[in-house]
Amino acid sequence: MVGSVEITYSPIANSNGSSHTHSNGSFQNNGTSATAEERLDELRRRLGKSDGDLLKIVGIGAGAWGSVFAALLQDAYGKFRDKFQVRIWRRPGRSVDRSTAEHLFEVINSREDVLRRLIRRCGYLKYVEARLGDRTLYADEILRDGFCLNMIDTPLCPLKVVTNLQEAVWDADIVINALPSTETREVFEEISRYWKERIGFPVIISLAKGIEASLEPVPRIITPTQMISSATGVPIENILYLGGPNIASEIYNKEYANARICGSDKWRNPLAKFLRQPHFIVWDNSDLVTHEVMGGLKNVYAIGAGMVAALTNESATSKSVYFAHCTSEMIFITHLLTEQPEKLAGPLLADTYVTLLKGRNAWYGQMLAKGELSPDMGDSIKGKGMIQGVSAIGAFYELLSQPSLNVLHPEENKPVAPAELCPILKRLYKILIKRELSPKDILQALRDETVTDPRERIEMAQSHAFFRPSLLGQP
């Protein structure tokens with residue numbers, strides 16, 4: 001049933017012998033929700049932590065979502081200093097330019113709580129000096145004070161920042177991968193060198209959205225969780241994916257949000273409980289493949305959504321037509337990868353909707369359509385970070401263009417590459433990767449009189465005739 005979650009029973013008896021657990025992450029004890037300390041103690045037990053031994057969590061990557069994720073954990077559990085520690089790793093040396101320093105100074109002075117905190121910590125003067133151009137600030141330095149370079153307008157709590165990767169990860173119990181998918185493999189190959197002497201494996205939660213395409217010896221998709229497992233030797237049962245309809249700044253400002261953590265039975269349920277907060281509800285799900293692939297696909301189609309919105313002056317009709325076509329392509333692609341994928345409904349649909357509506361990839365598409373950015377400027381944008389949809393467009397299109405994956409065209413009754421049945425993906429590839437078309441040409445994918453009814457594409461996908469297990473490296 002769409003939106004349902006598997007229930008994994010691992011009850012902990014309370015004082016009267018009764019127990020209640022819920023797979024959506026809540027834990028009930030005598031009719032009341034578990035306290036933060038009870039959730040922390042439960043996860044510590046799962047991980048075999050003894051008294052006096054800190055549960056150590058480290059975030060790898062300090063973009064907007066990675067920084068917010070670490071800050072949420074710090075806010076929830078940081079007060080239990082004898083039981084818990086969260087740190088975040090980012091590369092050193094990234095300077096803050098003068099205009100960003102000036103804006104940061106304005107943000108600080110507009111927030112009395114932040115201003116008082118910095119004065120109390122003797123940290124305000126450096127921001128004055130940076131505003132005047134007398135000092136250079138660095139990204140890791142301001143992150144310690146709670147400012148993410150990609151999200152200056154949303155101050156976070158102060159964070160423990162580490163710039164030495166070995167120091168960050170060597171004894172971590174839980175690692176949060178918040179790197180762009182394009183950087184995941186390289187960084188985790190380095191991390192693997194520091195884990196050679198480890199006795200046991202850590203648990204890894206990946207927030208990365210994107211894929212790689214491997215074309216030899218057979219075409220296949222490589223997701224971030226697979227990259228991590230391949231690079232480190234950590235078994236896939238210890239690697240999970242977390243995603244949902246989330247805008248990082250809104251979550252930290254306590255807008256109500258939800259997410260799913262996907263992976264093995266062993267870890268997804270206890271981690272869902274641990275991560276759950278009153279304004280951030282975490283459910284668990286077993287379908288790792290669909291959620292992780294959808295995480296990459298939504299960024300692909302969000303770029304197109306931004307283009308359509310800008311080119312049609314936010315036309316509700318045009319955006320709805322685009323939504324119908326792009327979701328049918330997403331469903332088609334996921335059915336190539338898995339025989340019975342989770343339906344694009346509930347949280348999966350909501351995640352797609354919010355990403356198309358608001359997010360860095362949609363913003364990037366809008367800026368391209370308005371002429372304020374161009375593909376030649378690259379996919380790493382000041383103040384936004386990595387636009388992950390760009391590399392995902394290249395990976396998905398090149399993968400689905402391989403002749404060995406040919407499917408029967410429903411109308412022409414001849415074999416074609418799957419990419420030929422995805423006109424939006426094809427146009428995005430020509431706009432952003434080949435750079436043969438301009439952003440305005442995205443509208444032609446919607447206005448083509450010969451375009452297939454989205455319903456027909458979905459019915460094709462659901463016939464199971466197109467399932468290609470080799471795309472995931474399966475026989």
Side-chain angles (χ1 to χ4, degrees), residues 8-23 25-30 32-60 69-89 157-162 164-178 188 191-206 228-229 232-240 242 261 263-277 282 284:
T8 303
Y9 290 101
S10 51
I12 303 170
N14 58 26
S15 58
N16 62 13
S18 64
S19 59
H20 305 277
T21 60
H22 303 266
S23 69
S26 66
F27 174 70
Q28 302 248 330
N29 187 0
N30 291 325
T32 61
S33 295
T35 65
E37 188 167 18
E38 287 172 331
R39 294 196 301 271
L40 174 58
D41 287 343
E42 164 62 4
L43 186 60
R44 284 173 53 83
R45 283 192 289 270
R46 293 269 185 167
L47 290 164
K49 306 300 291 186
S50 58
D51 290 344
D53 188 10
L54 290 175
L55 168 58
K56 295 180 179 180
I57 298 179
V58 63
I60 304 300
F69 200 84
L72 290 173
L73 293 174
Q74 176 64 29
D75 284 341
Y77 300 107
K79 60 187 173 183
F80 306 111
R81 296 181 181 179
D82 59 337
K83 298 181 178 183
F84 174 85
Q85 177 191 80
V86 61
R87 300 187 296 173
I88 186 167
W89 171 83
C157 64
L159 293 169
K160 296 181 179 68
V161 181
V162 185
N164 182 293
L165 186 58
Q166 181 175 8
E167 178 187 348
V169 303
W170 74 275
D171 63 344
D173 299 297
I174 298 176
V175 175
I176 311 298
N177 173 38
F188 275 86
I191 287 173
S192 70
R193 301 202 301 267
Y194 310 136
W195 284 348
K196 287 182 178 178
E197 306 302 321
R198 283 188 72 124
I199 296 174
F201 294 112
V203 174
I204 300 172
I205 301 173
S206 180
I228 293 168
S229 182
T232 63
V234 174
I236 201 69
E237 74 166 9
N238 274 40
I239 308 175
L240 302 98
L242 184 138
I261 188 163
S264 68
D265 293 343
K266 180 178 180 180
W267 291 114
R268 69 176 194 264
N269 185 260
L271 285 169
K273 295 177 184 177
F274 176 72
L275 296 172
R276 182 178 180 133
Q277 298 187 26
V282 180
D284 65 277

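Because the structure is a prediction, the values reported are computed rather than measured.
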Side-chain contact test, heavy atoms from C-beta onward, threshold under 4.5 Å: evaluate it for [X] versus [Y] and give yes or no.
X      : Y      : value
Phe188 : Ile204 : yes
Leu271 : Val203 : yes
Ser206 : Leu242 : no
Leu275 : Leu73  : yes
Ile57  : Val175 : no
Asn269 : Asp265 : no
Leu55  : Leu43  : yes
Ile205 : Trp267 : no

Glu237: which residues meet the side chain to side chain contact (heavy atoms under 4.5 Å, CB included) condition with it, sequence neighbours left out?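 For Glu237 the side chain to side chain contact (heavy atoms under 4.5 Å, CB included) partners, ignoring immediate neighbours, are Pro235, Ser264, Lys266.
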
Once side chain to side chain contact (heavy atoms under 4.5 Å, CB included) is applied, do any residues pair with Ser229, and if so which ones, sequence neighbours excluded?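 Once residues adjacent in sequence are excluded, the partners of Ser229 under the side chain to side chain contact (heavy atoms under 4.5 Å, CB included) criterion are Ile236, Ile239.
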
Determine, step by step, whether Val58 and Val162 satisfy the side-chain contact (heavy atoms from CB on, under 4.5 Å) criterion, reporting the C-alpha distance in whole Å, the side-chain angles of both residues, the deciding distance to 0.1 Å, and the verdict. CA-CA 9 Å; Val58 63; Val162 185; 5.9 Å; no

Would you be so kind as to tabulate the donor-acceptor pairs closer than 3.5 Å made by side chains of residues 74-82, with sequence neighbours excluded?
{"residue": "Asp75", "atom": "OD2", "partner": "Tyr252", "partner atom": "OH", "Å": "2.8"}
{"residue": "Tyr77", "atom": "OH", "partner": "Arg39", "partner atom": "NE", "Å": "3.2"}
{"residue": "Tyr77", "atom": "OH", "partner": "Phe274", "partner atom": "O", "Å": "2.5"}

Are Ile60 and Leu165 close enough, and set up right, to give a side-chain contact (heavy atoms from CB on, under 4.5 Å), and what steps lead you there? CA-CA 8 Å; Ile60 304 300; Leu165 186 58; 4.0 Å; yes

For Lys56, salt bridge (Lys or Arg N to Asp or Glu O under 4.0 Å) partners two or more places apart: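 By the salt bridge (Lys or Arg N to Asp or Glu O under 4.0 Å) rule, Lys56 matches Asp171.
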
Which residues satisfy the salt bridge (Lys or Arg N to Asp or Glu O under 4.0 Å) test with Arg87, sequence neighbours excluded?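 Scan of Arg87 (salt bridge (Lys or Arg N to Asp or Glu O under 4.0 Å), adjacent residues dropped) gives Glu167.
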
Any residue meeting ring-ring contact (aromatic ring centres under 6.0 Å, His included) with Phe69, in chain and number order, not counting sequence neighbours: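 For Phe69 the ring-ring contact (aromatic ring centres under 6.0 Å, His included) partners, ignoring immediate neighbours, are Trp65.
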
Pairwise salt bridge (Lys or Arg N to Asp or Glu O under 4.0 Å) hits with a residue in residues 191-203, at least two apart: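 Qualifying pairs, neighbours excluded: none.
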
Which atom pair, heavy atoms only, marks the closest approach of [X] to [Y]?
X      : Y      : result
Pro202 : Asn238 : O-ND2, 3.1 Å
Gly233 : Phe201 : O-CE2, 3.6 Å
Ala272 : Ile261 : CB-CG2, 3.9 Å

Check: Val169 main-chain N/O paired with Trp89 side-chain donor or acceptor under 3.5 Å: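 No; judged by distance alone, with no hydrogens or angles, the pair does not exist.
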
Are the side chain of Ser50 and the backbone of Asp53 linked by a donor-acceptor contact shorter than 3.5 Å?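 No.
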
Check this for me, if you would: do Lys83 and Asp41 make a salt bridge, where the nitrogen-to-carboxylate-oxygen distance has to be below 4.0 angstrom?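 Salt bridge: yes.
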
For the side-chain hydrogen bond (donor to acceptor under 3.5 Å, both in side chains) test, which of Lys49, Gln85, Arg44 pairs with Asp173?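 When side-chain hydrogen bond (donor to acceptor under 3.5 Å, both in side chains) is applied between Asp173 and each of Lys49, Gln85, Arg44, only Lys49 qualifies.
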
Look at atom CG of Asp51 and say whether more than 12 heavy atoms of other residues, nucleotides or ligands are closer to it than 6.0 Å.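 Result for CG/Asp51: open.
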
